Number of protein chains: 2
Amino acid sequence: MRADARRNRERILAAARELFAGGPPEVQMDELAQRAGVGVGTLYRHFPDKEALMGELVRERFELFNERLQVAVADAPSRAADALIEALRANAGGLAQDAATRFAFMSGGERVFAHAEAEAGEFLRLCEILVRRARRSGGLAPGFRAEDIPMLMCGVCATAEVHKPGWDWERHLELVIRGMRG
Amino acid sequence: MRADARRNRERILAAARELFAGGPPEVQMDELAQRAGVGVGTLYRHFPDKEALMGELVRERFELFNERLQVAVADAPSRAADALIEALRANAGGLAQDAATRFAFMSGGERVFAHAEAEAGEFLRLCEILVRRARRSGGLAPGFRAEDIPMLMCGVCATAEVHKPGWDWERHLELVIRGMRG
DNA sequence: ACCTGAACACCGTTCAAGT
DNA sequence: ACCTGAACACCGTTCAAGT
């Protein structure tokens with residue numbers, strides 16, 4: 001990949017992070033290209049369509065999620081449940097500060113997630129390790145499953161998008177954690 | 001309102017319920033009008049824009065939610081927590097069977113909810129009555145608030161939209177209920 | 001190899017003409 | 001009063017021409 005192409009790709013992603021963070025009213029592809037300082041054609045050369053661009057934001061976020069889960073996996077198996085919950089808090093906090101990626105998570109369809117399939121698979125795999133350990137060492141509700149984690153986190157993410165009195169993703173997360181614990 | 005106008009309005013809503021239930025790929029206004037057997041202009045005469053049409057689905061759903069909550073309010077104050085939770089299960093079940101309205105809930109923006117502001121306010125008011133009673137008679141976690149209910153239900157609704165192995169709105173709801181209980 | 005932006009296609013919305 | 005649908009406007013996407 002040529003140096004200018006790589007730089008353009010980075011600029012496009014940076015522009016997406018800036019503009020999607022502003023949220024709806026809808027961000028346009030022309031606007032995105034202009035902010036990145038490239039032509040629209042270049043945008044489409046790097047990302048086949050708008051969903052692929054959002055998909056890349058999601059993919060990179062899953063990488064960050066997985067780093068945190070790796071930290072929890074590296075922790076002592078005896079405190080797997082606590083380590084898992086700390087990782088969830090850290091991940092939710094990171095996403096809460098990244099409105100652009102939250103927008104991509106919520107407003108994209110299936111295709112956005114298809115772009116991050118490998119990373120989402122790894123996410124689930126790491127959750128499974130931690131849930132399996134926690135099942136032995138305790139601290140999780142009986143019957144709690146690894147797949148419950150992305151499902152519940154999706155709800156917390158949805159909350160972070162809504163700006164209404166009483167809606168608070170940290171509160172939502174803590175209520176969910178209470179349900180997770182044994 | 002003239003009889004033919006009223007009939008057209010109903011037909012448009014019926015078409016919206018049918019077509020939105022198919023979910024993305026996007027439903028178009030022309031398609032909606034055709035299914036309803038009216039011209040696009042008629043569609044716009046009844047609903048100023050697409051979000052207003054989705055807003056009407058949301059508004060009517062809140063009315064159903066409130067009916068269920070009224071049943072819980074009519075129940076004995078001593079079992080307010082159980083009655084509230086039964087109402088939540090019934091409401092979630094109703095929404096789970098109505099893909100069109102779920103689509104409206106999730107993919108619409110602020111403006112969709114603005115259309116149902118009165119009904120959403122009533123929803124919260126009824127939740128407040130039940131939470132206040134439950135606080136006295138027990139069965140809810142200390143510190144649980146009425147505003148937590150729409151927030152948590154939004155998460156359950158988001159789950160119902162995702163068709164992935166292990167994603168199950170009923171499971172999500174039960175995990176959330178476990179967190180609500182004292 | 002990669003970039004550009006005018007042109008195209010699609011779909012939400014409007015409005016002049018009709019009943 | 002209400003309805004119709006051709007026309008318009010907007011924005012995602014393509015592609016012929018350029019470097």
Side-chain angles (χ1 to χ4, degrees), chain A residues 1-58 100 103-104 106-112 114-115, chain B residues 1-58 100 103-104 106-112 114-115:
Chain A
M1 197 163 177
R2 236 163 62 177
D4 59 340
R6 180 180 309 278
R7 191 168 52 244
N8 280 338
R9 192 189 141 91
E10 285 314 312
R11 279 189 186 168
I12 289 164
L13 284 169
R17 273 188 248 277
E18 282 179 55
L19 295 184
F20 282 134
E26 282 300 315
V27 177
Q28 293 146 235
M29 295 302 264
D30 281 346
E31 202 181 341
L32 233 23
Q34 190 173 10
R35 172 70 70 117
V38 301
V40 240
T42 302
L43 202 169
Y44 278 91
R45 157 168 279 265
H46 286 281
F47 302 96
D49 57 27
K50 202 177 187 179
E51 290 194 325
L53 177 56
M54 298 199 292
E56 177 61 12
L57 296 184
V58 167
F103 175 78
M106 300 314 298
S107 92
E110 296 286 300
R111 300 201 44 253
V112 167
H115 193 83
Chain B
M1 198 163 177
R2 236 163 60 179
D4 58 340
R6 182 181 308 276
R7 191 168 52 243
N8 281 338
R9 192 190 142 90
E10 285 314 311
R11 279 188 185 170
I12 289 164
L13 284 168
R17 274 188 249 275
E18 281 178 54
L19 296 182
F20 282 135
E26 281 300 316
V27 177
Q28 293 145 235
M29 294 302 264
D30 281 345
E31 202 181 342
L32 234 22
Q34 191 172 10
R35 172 69 71 118
V38 301
V40 242
T42 302
L43 203 167
Y44 279 93
R45 158 170 278 266
H46 287 280
F47 302 96
D49 58 27
K50 202 175 189 179
E51 290 194 325
L53 177 55
M54 299 198 293
E56 178 60 11
L57 296 184
V58 167
F103 175 77
M106 299 314 297
S107 92
E110 297 285 301
R111 300 200 45 253
V112 167
H115 193 84

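Throughout, a chain's letter reflects where its sequence line sits, starting with A, and its residues are numbered from 1. Only a predicted model underlies this, so the values are computations on that prediction, with no experimental measurement involved. Computed from heavy atoms alone, side chains included, the values below leave out hydrogens, waters and symmetry copies.
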Testing D:dT14, D:dC3, C:dC2 for proximity to the side chain of B:Asn8, the answer is D:dC3
Just how far is it from atom CE of A:Met29 to atom NZ of A:Lys50, taken to the nearest 0.5 Å? 6.5 Å
The residue, B:Arg2 or B:Gly37, whose nearest nucleotide of DNA chain D is more 5′ is B:Arg2
Looking only at side-chain atoms of A:Asp30, point me to the closest of D:dT13, D:dT4, C:dC3. D:dT13
Just the rounded figure in Å: distance from C1' of D:dG12 to CD of A:Gln28. 10 Å
Does the distance from a Lys or Arg side-chain N to an Asp or Glu carboxylate O, for A:Glu56 and A:Arg17, drop under 4.0 Å? no
Of the listed nucleotides (D:dC3, C:dT4, C:dG12), which one gets closest to any side-chain atom of B:Ala5? D:dC3
So what's C:dA6 paired with, Watson-Crick or G-U wobble, going by both distances under 3.5 Å? D:dT14
Can you tell me how far CG of B:Asp30 sits from CD of B:Gln28, rounded to the nearest 0.5 angstrom? 7.0 Å
How long is the line joining CZ of B:Phe47 and P of C:dT14, in whole Å? 15 Å
Tell me whether the OP1 or OP2 atom of D:dT14 has a side-chain N or O from A:Tyr44 closer than 4.0 Å. no
With nearest nucleotides of DNA chain D determined for B:Met1 and B:Gly41 from heavy-atom distances, which residue corresponds to the more 5′ nucleotide? B:Met1
From A:Leu57 atom CG to A:Met54 atom CE, the distance as rounded to the nearest 0.5 Å: 8.5 Å
Hey, could you give me the CD/CG distance between B:Glu26 and B:Leu19, rounded to the nearest 0.5 Å? 12.0 Å
Please tell me which of the listed nucleotides, C:dG12, C:dT13, D:dT4, lies nearest to the side chain of B:Asp49? C:dT13
Considering heavy-atom distances to DNA chain C, does B:Pro48 or A:Val40 have its closest nucleotide positioned more toward the 5' end? A:Val40
Rounded distance (Å) that lies between atom P of D:dC10 and atom CD of A:Glu31: 14 Å
For B:Leu43 and C:dT14, give me the distance from atom CG to atom P, rounded to whole Å. 12 Å
Rounding to a whole Å, what distance do you find between B:His46:NE2 and C:dT13:P? 16 Å
Between D:dC3 atom C1' and B:Arg9 atom CZ, what is the distance in whole Å? 17 Å
Nearest-angstrom distance from the residue atom CZ of B:Arg45 to C1' of C:dT19: 13 Å
Atom CZ of A:Arg6 and atom C1' of C:dC2: how far apart are they, to the nearest Å? 14 Å
